[in-house]
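First listed ligand is number 1; within each ligand, the first listed atom is number 1.
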Amino acid sequence: MMSPASISQFLQSRPMWKLERQCKAITREYLFADFMQSFSFMTHVALFAEKKDHHPEWFNVYNKVVMTLTTHDADGVTDKDIELALYADRVFSAMDCPVQQ
Ligand code: H2B
């Protein structure tokens, strides 16, 4: 489990990420140009997730992906969630998206 200090440091440095589910998960919404960009983003993140054996909960509709990260085994946010969040943000930043939030 991450210490509350480490989690709040992450949230302060990444204001797009919010706490959810009574502080047991973090969530962020990504907006893309179209479905192809959304799905490309998801493909990159999926390959990383599979490699790490740590998987996102996510919802996609057209150009929007909402990602929620939690560690079920730990019943809370762990360094694995932060690692996956940082990776997803990196993929997003490297894409030519219409709005870089
Ligand atoms: N992903 C996430 N986000 N949380 C988990 O606790 C988790 C996972 N556990 N991916 C893994 C897989 C577990 O279910 C398997 C059996 O190792």
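Close N/O approach between Asp73 and ligand 1 is found [any backbone or side-chain N/O within under 3.5 Å].
For atom 5 (C) of ligand 1, the nearest protein heavy atom (residue, atom name, distance) is His72 ND1, 3.5 Å. Of the protein's non-hydrogen atoms, the one nearest atom 15 (C) of ligand 1 is Asp53 OD2, 3.9 Å. Of the protein's non-hydrogen atoms, His55 ND1, 2.9 Å is the one closest to atom 10 (N) of ligand 1.
Within a 4.0 Å radius of atom 12 (C) of ligand 1, the protein contributes one or more non-hydrogen atoms.
For Phe41, the ring pair (Phe, Tyr, Trp, His ring centres under 6.0 Å) test picks out Tyr30, Phe32, with sequence neighbours left out.
Which parts of ligand 1 touch Thr70 is read off a 4.0 Å heavy-atom cut-off, strictly below it: atoms 2 (C), 3 (N), 4 (N).
In summary, the side chains of Ser40 and Thr43 do not present any donor paired with an acceptor at a separation below 3.5 Å, with no hydrogens or angles considered. Side-chain contact check for Ser38 and Asn63: no donor-acceptor pair (N or O, by modelled atom type) lies under 3.5 Å.
Closest of all the heavy-atom pairs between Lys52 and Glu83 is NZ-OE2, 3.1 Å.
Classification of Lys80 and Asp53 as a salt-bridged pair fails, no side-chain N sitting under 4.0 Å from a carboxylate O.
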